[in-house]
Asks: 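What follows is a single structure, and I will ask about it in a moment.
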Amino acid sequence: MRFALSPEQLDFGVSLRKLLEAGRAPAAVRAWASGDNGPGRALIRQLAEAGVLGLAVAERHGGIGAEPIDLVVAFQEIGRAAVPGPLVETAAAIPALLQALPDQSLAARWLPGFAEGASLGTVAFTSSGHSNVALDADTAGVVLLAADDQLATGHRAGSVRSVDPARRLFTVAADETVAEGEQVRAAVAAGFDAGALACAAQLLGAGKALLHASTEYAKQRRQFGKPIGEFQAVKQKLADVLIALDLAEPLLYRAALTTTEPTRGRDVSAAVIACGEAAYRAARAALQVHGAIGYTAEYDLSLWLTKVTALRSAWGTADLHRARIAQALREETDRDRAARGIA
C-alpha cells in the first residue's frame with residue numbers, strides 16, 4: 001500500500017498553509033478564546049472557499065466528494081495553524097455520520113450549508129464512554145447528540161472548562177430525535193471514526209508546527225557563545241521528535257486509506273495514539289527548548305501547547321483507543337481461527 005502523497009495533494013497542503021499564514025491564525029485563536037468569533041469565522045470562510053469544508057461532503061449535497069486522505073492533508077494544515085472552531089465536526093464527523101444514514105434528508109438539509117461555510121455544526125458522541133460534551137455549541141448552527149442507535153438535535157446546557165481557552169466546550173441536552181435504529185449505530189461509528197481521524201491529522205500538524213518553532217528558536221537562542229541548537233542534547237531531543245512524527249505519519253495515511261470495517265476503527269485508533277504521542281513529545285520538547293518564555297500566554301507557542309494537550313483526549317483517551325485496537329485484534333484472531341476450523 002502506498003503511503004506517499006501525490007504531487008496534487010502536496011500542492012493542496014502548501015496552498016492551505018500559505019492561506020492560513022496570511023490569515024494571521026494566532027490572532028484569530030486569541031480572539032476566539034475571548035469570545036470574538038469574527039477573525040476565526042473569516043478564516044473558516046476562506047477554508048470553505050478553498051473547498052476544505054466540502055471535501056467529505058458528496059457532490060449531490062454541494063460538496064466535492066474527495067477521499068479521506070485529502071481531508072487528512074487539509075487537517076494537518078489546520079492543526080499546523082491551530083485554527084479555532086468546530087472544524088472536525090463540521091468538515092469530517094457530521095458529514096460522515098449523516099451520509100451513512102439510509103435516509104439522506106438530514107444530509108440534504110444541513111451539509112450544503114457546511115460545504116459553503118454558511119453554517120457550522122457540532123456533535124457530542126455519548127456512546128463508548130464519551131460524555132455529552134460538544135465543541136463550540138454556542139456558535140454552531142447545528143448541534144447534534146449521537147448515542148449508540150439514536151441521533152437527536154440538541155442545545156447547549158452548561159459550559160465545561162478546557163485546558164485550551166480556544167476550545168469552548170458545552171454539555172448538550174437533547175431536543176428532537178431525528179433518527180434511530182440499528183442502522184444509526186453504524187452511522188454513528190462512521191462519524192466518530194471520521195472525527196477521530198481528522199483529530200489525529202490535527203495533532204500531527206500541530207506537532208510539526210511545534211518542531212519547526214523549536215528548531216528555529218534553537219538556531220537563534222545563544223548560550224555560552226553559540227546557538228543552543230549546536231548542543232548535542234538539544235539536537236537529540238529534536239531528532240527524537242522528528243522520528244516520532246515521521247513514524248506516526250504512515251499510520252495516519254493508512255487509517256485514511258482504510259474505509260471499511262472491520263479494520264477501519266482499529267487503524268483510526270492506531271493513528272490517534274501515534275499522532276497524539278508524537279505531538280505530545282513535540283510539545284514537551286518545545287517547552288524544554290524554549291525555556292521559561294514557552295510558558296507565557298503572550299508567546300504564540302502556548303497556543304499549540306494547549307491545543308495539543310486538549311486534542312489528545314478530545315476524541316477518546318489513549319486507553320479507549322488501545323482497547324479498540326485490542327478488541328479488533330481479538331475479533332480478527334477469532335475469525336481466522338473459525339475460518340481454519342480451530343475451536
Side-chain angles (χ1 to χ4, degrees), residues 17 20-21 23-37 39-41 43-44 75-90 120 122 124 130-131 133-140 159-171 195-196 198-217 237-238 241 244-245 248 272-318:
R17 192 176 313 167
L20 293 171
E21 287 174 351
R24 301 178 61 189
V29 175
R30 288 191 168 90
W32 195 280
S34 67
D36 178 9
N37 298 337
R41 289 301 294 263
L43 264 183
I44 293 172
F75 270 94
Q76 282 193 68
E77 298 307 324
I78 289 170
R80 193 190 295 268
V83 182
L87 291 172
V88 169
E89 293 79 0
T90 301
L120 299 175
T122 190
H130 299 286
S131 60
V133 174
L135 176 66
D136 293 314
D138 59 332
T139 60
S159 61
V160 178
R161 185 176 180 180
S162 171
V163 68
D164 178 8
R167 287 180 59 82
R168 300 199 302 267
L169 302 176
F170 298 89
T171 55
C199 179
Q202 269 191 301
L203 281 164
L204 189 67
K208 290 179 178 180
L210 286 165
L211 175 60
H212 176 75
S214 302
T215 302
E216 292 302 309
Y217 186 80
K237 187 169 294 293
L238 296 180
V241 172
L245 293 170
V272 171
I273 292 171
C275 292
E277 291 181 351
Y280 184 60
R281 180 186 289 268
R284 287 177 60 87
L287 268 179
Q288 291 173 315
V289 169
H290 282 78
I293 193 173
Y295 287 91
T296 62
E298 294 79 12
Y299 196 63
D300 283 350
L301 187 75
S302 64
L303 304 180
W304 281 267
L305 296 177
T306 54
K307 182 75 68 180
V308 166
T309 303
L311 288 179
R312 286 184 71 207
S313 58
W315 287 81
T317 64

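None of these values were measured; they are calculated from a predicted model. All residue numbers refer to positions in the sequence shown, counting from 1.
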Asks: If you count the non-hydrogen atoms of other residues, nucleotides and ligands that lie under 6.0 Å from CZ in R312, is the total more than 12?
Replies: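 More than 12 heavy atoms, drawn from other residues, nucleotides or ligands, come within 6.0 Å of this atom.
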Asks: Roughly how far apart are H290 NE2 and S302 OG, rounded to 0.5 Å?
Replies: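 That separation rounds to 10.5 Å.
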Asks: For the atom pair NZ (K307) and CG (D164), what is the distance rounded to the nearest 0.5 Å?
Replies: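 That separation rounds to 4.5 Å.
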Asks: What are the two closest heavy atoms between A25 and A81, and how far apart are they?
Replies: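 Scanning both residues, the minimum pair turns out to be CB-O, 3.4 Å.
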Asks: Could you pull out the closest heavy-atom pair between L245 and A278, with the gap in Å?
Replies: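 Smallest heavy-atom distance, with atoms named: CD2-CB, 3.8 Å.
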Asks: Go through N37 and R168 one step at a time and tell me if the side-chain contact (heavy atoms from CB on, under 4.5 Å) criterion holds.
Replies: CA-CA 12 Å; N37 298 337; R168 300 199 302 267; 3.2 Å; yes
Asks: Is the ring pair Y299/Y217 parallel, tilted or perpendicular, if the boundaries are 30 and 60 degrees?
Replies: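 Perpendicular, since the angle between the ring planes exceeds 60°.
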Asks: If I take atom CG from residue L305 and atom OG1 from residue T309, how far apart are they, to the nearest 0.5 angstrom?
Replies: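 Reported to 0.5 Å precision, the distance equals 6.5 Å.
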Asks: Show the numbers, then the answer: is there a side-chain contact (heavy atoms from CB on, under 4.5 Å) between D136 and T122?
Replies: CA-CA 7 Å; D136 293 314; T122 190; 5.7 Å; no
Asks: Would you say S214's side chain and L210's backbone share a donor-acceptor pair under 3.5 angstrom?
Replies: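 Checked: pair present.
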Asks: Over all heavy atoms of both residues, which pair between A206 and V308 is shortest? Give the atoms and the distance, please.
Replies: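 Closest approach of A206 to V308, heavy atoms only: CB-CG2, 3.7 Å.
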Asks: Tell me if a side-chain donor or acceptor on T90 pairs with a main-chain N or O of L87 at a distance below 3.5 Å.
Replies: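 Not confirmed, T90 side chain does not pair with L87 backbone.
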Asks: In this structure, which one of L203, L204, V88 forms a side chain to side chain contact (heavy atoms under 4.5 Å, CB included) with F75?
Replies: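 Filter result, single survivor: V88.
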Asks: Taking CZ in R284 as the centre, count heavy atoms belonging to other residues, nucleotides or ligands within less than 6.0 Å. Is the count above 12?
Replies: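 Atom CZ in R284 is not crowded, with 12 or fewer foreign heavy atoms closer than 6.0 Å.
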Asks: Does E21 have any salt bridge (Lys or Arg N to Asp or Glu O under 4.0 Å) partners at least two apart in sequence or in another chain, and if so, which?
Replies: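 Not a single residue meets the salt bridge (Lys or Arg N to Asp or Glu O under 4.0 Å) criterion with E21.
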Asks: Show, in sequence, the C-alpha distance, side-chain angles and deciding distance for R167 and T306, and conclude whether the side-chain contact (heavy atoms from CB on, under 4.5 Å) test is met.
Replies: CA-CA 10 Å; R167 287 180 59 82; T306 54; over 6 Å; no
Asks: Of the non-hydrogen atoms in P86 and W32, which two are nearest, and what is the gap between them?
Replies: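 Taking P86 first and W32 second, the nearest heavy atoms are CD-CZ2, 4.2 Å.
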Asks: Please round to the nearest 0.5 Å and tell me the distance separating atom CG of L43 and atom CG of L20.
Replies: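 It comes to 6.0 Å.
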Asks: Examine distances only and state if a side-chain atom of R30 and a backbone atom of E298 form a donor-acceptor pair shorter than 3.5 Å.
Replies: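 A pair under 3.5 Å: yes.
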Asks: Rounded to the nearest 0.5 Å, what separation is found between the CG atom of L287 and the CD1 atom of I293?
Replies: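 Spacing of CG (L287) from CD1 (I293) equals 12.0 Å.
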Asks: Go through V160 and T171 one step at a time and tell me if the side-chain contact (heavy atoms from CB on, under 4.5 Å) criterion holds.
Replies: CA-CA 7 Å; V160 178; T171 55; 3.8 Å; yes
Asks: So which atom in V241 and which in A285 form the shortest heavy-atom distance, rounded to 0.1 Å?
Replies: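 Result for this residue pair: CG2-CB, 3.6 Å.
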Asks: Got a donor-acceptor contact below 3.5 angstrom from the W304 side chain to the R80 backbone?
Replies: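 Indeed, once roles are kept as given, a pair shorter than 3.5 Å links the two residues.
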Asks: Taking all heavy atoms of P84 and all of V29, pick out the closest pair and write down the distance.
Replies: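 It is CD-CG2, 3.8 Å.
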